[in-house]
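Quick one: structure below, then a few questions.
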Amino acid sequence: MIASKEAKKLALEFLTHEWNVPLADQNWFTVISCNPLGEDGYNIEIGIEGFPDRWIVEVYDTGRCEPYYEFISPIRDSESNSDLEDLPDWIAQVLIAERKHR
């Protein structure tokens, strides 16, 4: 089984690669939790500090990430997105799109 530290790194790389996040902006994303999936790998919860939105990425013991991540948020699509005004525009757009498509 891979170490949790490696699983966290792989999950962050997977998610930031998925959106082509510039290296300079990758520090906006942080690992919130890392939970084992028995001997199969880990569920890695990723978020943006100060925001309730979360992405769950499964990282298998082989080091491979599940290509379909889960997005969860308590914020409904119909609610205001004014909480995003301090984020870089492209990150705000990702959150708006994710909130609409969950």
Donor-acceptor pairs are to be reported for all side-chain atoms of residues 18-30 against protein atoms at under 3.5 Å, with residues two or more places apart or in another chain.
| from | atom 1 | to | atom 2 | distance (Å) |
| --- | --- | --- | --- | --- |
| D25 | OD2 | W90 | NE1 | 3.0 |
| Q26 | NE2 | V21 | O | 3.2 |

(request) First locate atom CD1 of I44, then atom CD1 of I46, and finally report the distance between them rounded to the nearest 0.5 Å. (result) 7.0 Å
(message) Which heavy atom of A7 sits nearest to which heavy atom of Y42, and what is that distance?
(response) CB-CD1, 3.4 Å
(message) Holding to salt bridge (charged side-chain N to carboxylate O under 4.0 Å, His left out), I want the full list of residues that pass it with E13, two or more places apart in sequence or in another chain.
(response)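 For E13, the residues satisfying salt bridge (charged side-chain N to carboxylate O under 4.0 Å, His left out) (neighbours in sequence not counted) are K9.
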(message) Quick check on the hydrophobic clustering: are F71 and I96 connected, directly or via other members, by side-chain heavy-atom contacts under 4.5 Å?
(response) yes
(request) Could you list all the salt bridge (charged side-chain N to carboxylate O under 4.0 Å, His left out) pairs where at least one residue sits in residues 84-96, not counting sequence neighbours? (result) none
(message) On a heavy-atom basis, which atom in F14 and which in C65 lie closest, and how many Å separate them?
(response)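 Taking F14 first and C65 second, the nearest heavy atoms are CB-SG, 3.7 Å.
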(message) Within this structure, what is the CD1-CG distance for the pair I75 and L95, rounded to the nearest 0.5 Å?
(response) 8.5 Å
Sequence neighbours left out, cut at 3.5 Å: what donor-acceptor pairs do the side chains of residues 52-61 make with other protein atoms?
| from | atom 1 | to | atom 2 | distance (Å) |
| --- | --- | --- | --- | --- |
| D53 | OD1 | S73 | OG | 2.6 |
| D53 | OD1 | R99 | NE | 3.0 |
| D53 | OD1 | R99 | NH2 | 3.4 |
| D53 | OD2 | R99 | NH2 | 2.8 |
| R54 | NE | E45 | OE2 | 3.3 |
| R54 | NH1 | F51 | O | 2.6 |
| W55 | NE1 | E98 | OE2 | 3.0 |
| E58 | OE1 | Y60 | OH | 3.4 |
| Y60 | OH | E66 | OE1 | 2.5 |

